[in-house]
Protein chains: 2
Amino acid sequence: MAPTRPTRDPADTSLRAQVYESLRQALTAGRFRPGQKLTFRFVADALGVSLTPVREALRRLVAESAFEMQPNRSVRVPPMTRAKVLELRDIRMAVEGLAAEKAAANATRQQVAALRRTALEIAAARSRGDSATDREKVREFHFALYSIAEQPTLMRLIEGLWLQTGPYMNLLYPDFVSRPRGPQMRARVMRALQAHDAPAARAEIEDDIRQTLTYVADLADEQGNIRPAPPLASKPRGTFRATASLELH
Amino acid sequence: MAPTRPTRDPADTSLRAQVYESLRQALTAGRFRPGQKLTFRFVADALGVSLTPVREALRRLVAESAFEMQPNRSVRVPPMTRAKVLELRDIRMAVEGLAAEKAAANATRQQVAALRRTALEIAAARSRGDSATDREKVREFHFALYSIAEQPTLMRLIEGLWLQTGPYMNLLYPDFVSRPRGPQMRARVMRALQAHDAPAARAEIEDDIRQTLTYVADLADEQGNIRPAPPLASKPRGTFRATASLELH
DNA sequence: CAATCAGGTTTGTGATCACAAACGAGCCGA
DNA sequence: TCGGCTCGTTTGTGATCACAAACCTGATTG
């Protein structure tokens with residue numbers, strides 16, 4: 001197996017990559033609202049670079065469906081619709097279920113131990129109400145799990161899917177995550193990995209995704225599509241614009 | 001359901017989109033060899049445009065894993081490895097199987113009739129040894145099938161996966177396609193759609209992908225990775241360079 | 001004869017500029 | 001009061017340029 005070539009190459013120091021990373025992180029952390037519009041020049045000004053690297057970073061994100069190109073002008077975070085969330089749910093169940101299967105076949109004791117450490121960090125963050133690191137560590141858990149499968153192409157696909165669901169995941173806090181469902185699921189997944197029980201690992205991951213995204217979908221028509229979206233143009237036209245701090249690197 | 005927003009917007013007349021389409025088509029038609037290297041300026045010269053739209057088109061294709069960015073310089077068509085083909089095989093089975101399921105639930109008599117027409121065109125092209133339209137129509141059949149599912153996000157995902165497998169599909173001709181497997185599979189899929197038998201439709205598509213890509217994978221180590229790759233630089237350094245005609249539009 | 005080093009050349013990167021299309025605020029007229 | 005028009009502004013697009021890093025070729029040296 002070739003060494004996993006990551007989508008986000010840490011060795012890439014180009015401005016384009018840094019802009020991409022800034023936007024990606026803001027998106028993953030849910031700092032943009034669905035429907036939010038962005039102009040190229042706004043991003044360029046906010047990050048202090050020229051249009052060139054911004055264009056390439058934004059276009060890449062559009063290619064990954066993290067943003068949508070409006071027919072006329074400008075890009076926006078795709079608005080949330082019930083149909084789309086359900087579509088992403090079914091896709092993620094199929095793809096991440098596959099990854100869980102392959103991971104179960106490969107998993108070593110050390111890898112499961114590392115997962116357990118991350119699970120504890122999630123519990124700690126959650127108990128002190130730190131939803132930011134909660135989200136971050138949940139992501140870390142899932143990707144550490146999938147990386148055990150050692151399938152670079154599959155991994156990139158999943159990263160793309162998470163990028164698309166990212167902006168919606170804010171809706172899970174604080175109500176949904178307070179249920180005991182998450183910790184139980186992680187415990188059962190780790191047990192399945194240890195036993196090399198691929199179908200069980202798949203079933204756990206599928207259940208997790210189904211429950212989570214069904215919950216989000218049920219909120220879709222109420223929230224998310226309500227706000228028409230504040231423009232967020234190049235010049236600070238209004239009084240404030242600190243909606244999302246876009247720091248470089 | 002929102003109207004299917006296609007990945008390749010036919011209304012997009014920008015140079016960037018035209019460059020993208022040229023390269024995509026060359027790739028899908030298998031006109032680039034795996035491992036083939038391309039420079040930005042070569043593409044720009046070949047198409048008679050400046051670097052700007054070429055950069056954006058190539059970067060998008062890199063984002064879609066249709067090309068790879070080399071650490072140092074230049075992009076190349078990803079070389080074929082056995083592990084990678086098998087990975088793509090399993091992913092495509094999961095994703096396209098899902099699409100087939102959803103299509104079976106939706107299919108109308110008219111849609112099945114349209115599929116049947118395409119199947120006949122495939123048979124006609126194949127019987128006269130026209131492998132170019134054969135490939136094209138096979139693609140058309142599959143995408144017409146998946147589009148019945150009416151899942152735009154899923155559709156885009158599948159397009160990306162086909163883009164990645166495209167350069168390898170030349171290996172199927174002429175030996176593999178001469179088997180009676182293909183026509184039989186298409187007949188059974190159409191029967192399953194007509195009967196709204198989702199599991200049967202999934203099984204047919206899964207079998208098709210498994211057999212096709214397993215065949216390709218078995219050729220992987222022998223072919224594909226042998227040639228180190230002719231550079232294909234900006235100036236026609238050598239004597240010829242008509243390896244792939246990159247006509248705009 | 002092989003490894004190294006120096007030169008010129010190729011190549012991606014980022015900034016800047018010109019331009020046309022889209023936008024939006026304000027005016028006008030019904 | 002409201003709908004349509006106009007003109008200045010905003011915004012994406014594509015071309016061009018400067019530059020540094022990577023590459024290639026050939027001479028030099030051990």
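Throughout, protein chains are lettered first and strands after them, A, B, ... in sequence-line order, and every chain is numbered starting at 1. Because the structure is predicted, anything quoted here is derived from the model rather than measured. Every heavy atom of this structure was used, including side-chain atoms; hydrogens, water molecules and symmetry mates were not.
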Student: Rounding to an integer number of Å, can you tell me how far B/Phe42 CZ sits from C/dG12 P?
Tutor: 12 Å
Student: What does B/Ser14 touch in the nucleic acid at a heavy-atom separation under 4.0 angstrom: a base, only the sugar-phosphate, or nothing?
Tutor: sugar-phosphate
Student: Going by atom types only, do B/Gln70 and B/Arg76 share a side-chain donor-acceptor pair under 3.5 Å?
Tutor: yes
Student: Taking only N and O in the side chain of B/Ser50, is any of them less than 4.0 Å away from OP1 or OP2 of D/dA15?
Tutor: yes
Student: Send over the distance from A/Leu15 CG to C/dG12 P, rounded to a whole Å.
Tutor: 18 Å
Student: Is a salt bridge present between A/Glu87 and A/Lys84, judged by a nitrogen-to-oxygen distance below 4.0 Å?
Tutor: no
Student: What's the verdict on side chain to side chain donor-acceptor pair (under 3.5 Å) for A/Arg139 and A/Thr28, showing C-alpha distance, side-chain angles and the deciding distance?
Tutor: CA-CA 10 Å; A/Arg139 179 189 167 93; A/Thr28 309; 4.5 Å; no
Student: Taking C-beta and beyond as the side chain, do B/Val75 and B/Leu61 meet within less than 4.5 Å on heavy atoms?
Tutor: no
Student: Per the salt bridge (charged side-chain N to carboxylate O under 4.0 Å, His left out) rule, which among A/Arg59, A/Arg16, A/Arg60 passes with B/Glu56?
Tutor: A/Arg59
Student: Nearest 0.5 Å, what's the CG-CZ distance between B/Asp130 and B/Arg135?
Tutor: 12.5 Å
Student: Rounded to whole angstroms, how far apart are CZ on A/Phe40 and C1' on D/dG14?
Tutor: 13 Å
Student: Between B/Arg76 (CZ) and D/dC23 (P), how many Å, whole number?
Tutor: 13 Å
Student: Less than 4.5 Å apart, any side-chain heavy atom of B/Leu47 and any of B/Ser22?
Tutor: yes
Student: Between D/dG12, D/dT16, C/dG14, which one does the side chain of B/Thr52 approach most closely?
Tutor: D/dT16
Student: Tabulate atom names and distances for all N/O pairs under 3.5 angstrom spanning the protein and nucleotides 18-22 of chain C.
Tutor:
from, atom 1, to, atom 2, distance (Å)
C/dA21, N3, A/Arg73, NH2, 3.4
C/dA22, O4', A/Arg73, NH1, 2.8

Student: At 4.0 Å (heavy atoms only), tell me whether A/Arg55 reaches a base, stays on the sugar-phosphate, or touches nothing.
Tutor: base
Student: Of all the nucleotides listed (D/dT13, D/dG14, C/dG14), which has the minimum atom distance to the side chain of A/Pro53?
Tutor: C/dG14
Student: Give the rounded distance in Å between these two atoms: CG of A/Asp45 and P of C/dT16.
Tutor: 12 Å
Student: So which one's nearest nucleotide on DNA chain D is more toward 5', B/Leu51 or B/Glu56?
Tutor: B/Glu56
Student: Mind calculating the distance between CD (A/Gln18) and P (C/dT13) to the nearest angstrom?
Tutor: 13 Å
Student: Can you tell me how far P of D/dA22 sits from NZ of B/Lys37, to the nearest Å?
Tutor: 15 Å
Student: How many whole angstroms separate atom CZ of A/Arg16 from atom C1' of C/dG12?
Tutor: 8 Å
